[in-house]
2 protein chains.
Amino acid sequence: MTEEQEVFLKHIQKKGLKRTSQRDLILDTFLRTEAHLSSEDLYRLVKQGDPSIGQTTVYRTLKLLTEAGLAREVRFGDGVTHYEHHYKHQHHDHMICSECGRIIEFYSAELEALQDAMAAKHRFQINEHLLRIIGICAECRRAAKDAEKVDAARRIPRRATAR
Amino acid sequence: MTEEQEVFLKHIQKKGLKRTSQRDLILDTFLRTEAHLSSEDLYRLVKQGDPSIGQTTVYRTLKLLTEAGLAREVRFGDGVTHYEHHYKHQHHDHMICSECGRIIEFYSAELEALQDAMAAKHRFQINEHLLRIIGICAECRRAAKDAEKVDAARRIPRRATAR
DNA sequence: CTCAATGCAAAGTATTTGCACGCTC
DNA sequence: GAGCGTGCAAATACTTTGCATTGAG
């Protein structure tokens with residue numbers, strides 16, 4: 001049994017809840033991924049192992065995992081709640097590529113320290129924070145650059161794109 | 001006519017759209033507030049000036065204002081989109097008090113610079129970023145402290161609060 | 001055997017869209 | 001007048017809740 005499964009069991013027992021095959025399957029599936037899954041994503045994966053499982057159970061179990069400290073809710077602003085591994089994972093922030101959707105995790109101790117300093121200045125006690133950087137990742141920039149070169153070769157003028 | 005109204009008119013005309021009394025009223029109402037209103041909040045305010053106005057128009061006009069650069073969408077993670085003034089407003093970030101809902105705006109050039117540095121390290125082009133710090137504001141901390149003192153005076157032991 | 005868990009359907013939110021009529025330009 | 005804008009209702013998307021049945025302890 002993995003450490004995470006033990007944490008989950010302990011949490012379940014502490015709250016007087018019950019262990020079920022569905023919860024086990026959802027936890028296992030969640031642990032097997034490394035992406036930032038939405039409830040829907042996880043639901044699809046879990047159904048491969050047990051097609052009779054309901055979307056509701058996945059929603060409810062993700063809440064449980066969050067309570068147990070195994071998952072963390074992340075909102076990227078697309079209207080969907082994503083979940084990432086949280087157990088013994090260091091805090092980190094996200095860069096999100098608006099072209100390909102790729103998510104780059106990063107961490108900067110200086111950034112954290114600066115935030116603490118800003119909070120102290122306002123006598124604000126930080127419980128949680130979220131930094132989200134949206135833009136274009138290296139790969140998509142390279143792709144865009146290549147396209148530009150092709151355009152230049154063809155003498156097709158580039159337009160300033162609206163929006 | 002204020003600068004903002006001119007910006008709005010120019011945007012409207014550039015897109016071949018039309019000026020209406022509803023749009024004027026919504027813009028005026030928006031400009032008169034300084035909070036981070038949701039569409040629903042603004043709708044309530046606008047209805048005081050014109051009860052016949054529809055929620056849909058408020059949604060649509062807020063999108064327009066955002067396009068025109070007068071408003072900025074901010075998501076605090078409560079599932080609602082909030083809008084703040086954006087015209088000639090310096091970029092800033094938010095601390096949100098989870099007790100009283102107060103929002104503290106702050107800005108740190110060092111923080112911005114560090115983010116740029118992190119992005120450069122990953123060859124990531126920043127288009128937009130959002131920093132949200134959630135915790136307890138100075139006022140609520142003071143209130144909590146006072147409550148603690150009262151407890152201590154009464155010799156009531158404090159429990160570790162669950163959740 | 002008791003009470004929690006499950007899956008379905010229905011209800012809730014927040015927001016968007018289709019449409020007939022009305023109002024700018 | 002042509003076409004955008006409006007308000008309504010319906011649709012959509014995500015998530016939560018009520019409920020009868022199933023299953024863990």
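The basis for the numbers below is simple: all heavy atoms, side chains too, and nothing from hydrogens, waters or symmetry mates. Please read all numbers here as calculations on a predicted model, not as lab measurements. So you know, we letter chains A, B, ... as the sequences are listed, proteins then strands, and number each from 1.
- Between the CD atom of B/Glu73 and the CG atom of B/Leu62 there is a distance of 8.5 Å, given to the nearest 0.5 Å.
- Within the model, atoms CG of A/Leu64 and CZ of A/Arg23 stand 5.0 Å from one another, a figure rounded to the nearest 0.5 Å.
- Residues satisfying the salt bridge (charged side-chain N to carboxylate O under 4.0 Å, His left out) test with B/Arg19, not counting sequence neighbours, are B/Asp24.
- Contact footprint of chain B on DNA chain C: nucleotides with an atom under 4.0 Å from a non-hydrogen protein atom, first to last in 5' to 3' order, C/dA14 to C/dC25.
- Between atom NE2 of residue A/His91 and atom CZ of residue A/Arg72 there is a gap of 6.0 Å, rounded to the nearest 0.5 Å.
- Under the 4.5 angstrom side-chain criterion for Ile, Leu, Val, Met, Phe, Trp and Tyr, B/Tyr107 has no cluster partners at all.
- B/Arg75 places no side-chain N or O within 3.5 Å of a backbone atom of A/Asp78 that could act as its donor or acceptor partner.
- For B/Lys88, the salt bridge (charged side-chain N to carboxylate O under 4.0 Å, His left out) partners at least two apart in sequence or on another chain are B/Glu3.
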May I have the list of side-chain donor-acceptor pairs in residues 27-38 of chain A shorter than 3.5 Å, sequence neighbours left out?
residue : atom : partner  : partner atom : Å
A/Asp28 : OD1  : A/Gln5   : NE2          : 2.9
A/Thr29 : OG1  : A/Leu25  : O            : 2.7
A/Thr33 : OG1  : A/Phe30  : O            : 3.0
A/Glu34 : OE2  : A/His85  : ND1          : 3.4
A/His36 : NE2  : A/Glu84  : OE1          : 2.8
A/His36 : NE2  : A/His94  : NE2          : 3.1
A/His36 : NE2  : A/Glu105 : OE2          : 3.1
A/Ser38 : OG   : A/Glu40  : N            : 3.4
A/Ser38 : OG   : A/Asp41  : N            : 3.1
A/Ser38 : OG   : A/Asp41  : OD1          : 3.4
A/Ser38 : OG   : A/Asp41  : OD2          : 3.1

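- Contacts of residues 55-65 of chain B with DNA chain C (heavy atom under 4.0 Å): B/Thr56, B/Tyr59, B/Arg60, B/Lys63.
- Here the side chains of A/Lys15 and A/His11 are in contact, with some heavy-atom distance below 4.5 Å.
- The hydrophobic cluster containing B/Leu111 also includes A/Met95, A/Ile104, A/Phe106, A/Leu111, A/Leu114, A/Met118, A/Phe124, A/Ile126, A/Leu131, A/Ile133, B/Met95, B/Ile104, B/Phe106, B/Leu114, B/Met118, B/Phe124, B/Ile126, B/Leu131, B/Ile133, under a criterion of side-chain heavy atoms closer than 4.5 Å among ILVMFWY residues, counted directly or through chains of members.
- Here B/Leu70 contributes atom CG and B/Glu4 contributes atom CD; the two are 6.5 Å apart, rounded to the nearest 0.5 Å.
- Cluster note: A/Val74 groups with A/Phe76, A/Ile96, A/Ile103, A/Leu130, A/Ile134 through ILVMFWY side-chain heavy atoms spaced under 4.5 Å, whether in direct contact or through intervening members.
- Of the residues in residues 17-46 of chain A, those placing a heavy atom less than 4.0 Å from an atom of DNA chain C are A/Leu17, A/Lys18, A/Thr20, A/Gln22, A/Arg23, in numerical order.
- For the helix from C/dC1-D/dG25 to C/dC25-D/dG1, the terminal axes (five pairs an end, C1' atoms, rotation from four pairs onto the next four) enclose an angle of 30°, given to 10 degrees.
- Without hydrogens or angle criteria, A/Arg102 side chain to A/Cys137 main chain gives no donor-acceptor distance under 3.5 Å.
- Remark: side-chain polar atoms of B/Arg132 are not paired, donor with acceptor, to backbone N or O of A/Arg132 under 3.5 angstrom.
- In this structure, A/Met1 shares a hydrophobic cluster with A/Leu9, the cluster being traced through Ile, Leu, Val, Met, Phe, Trp and Tyr side chains under 4.5 angstrom apart.
- Bracketed by its first and final contacts, the part of DNA chain D lying under 4.0 Å from non-hydrogen atoms of chain B reaches from D/dG3 to D/dA9 in 5' to 3' order.
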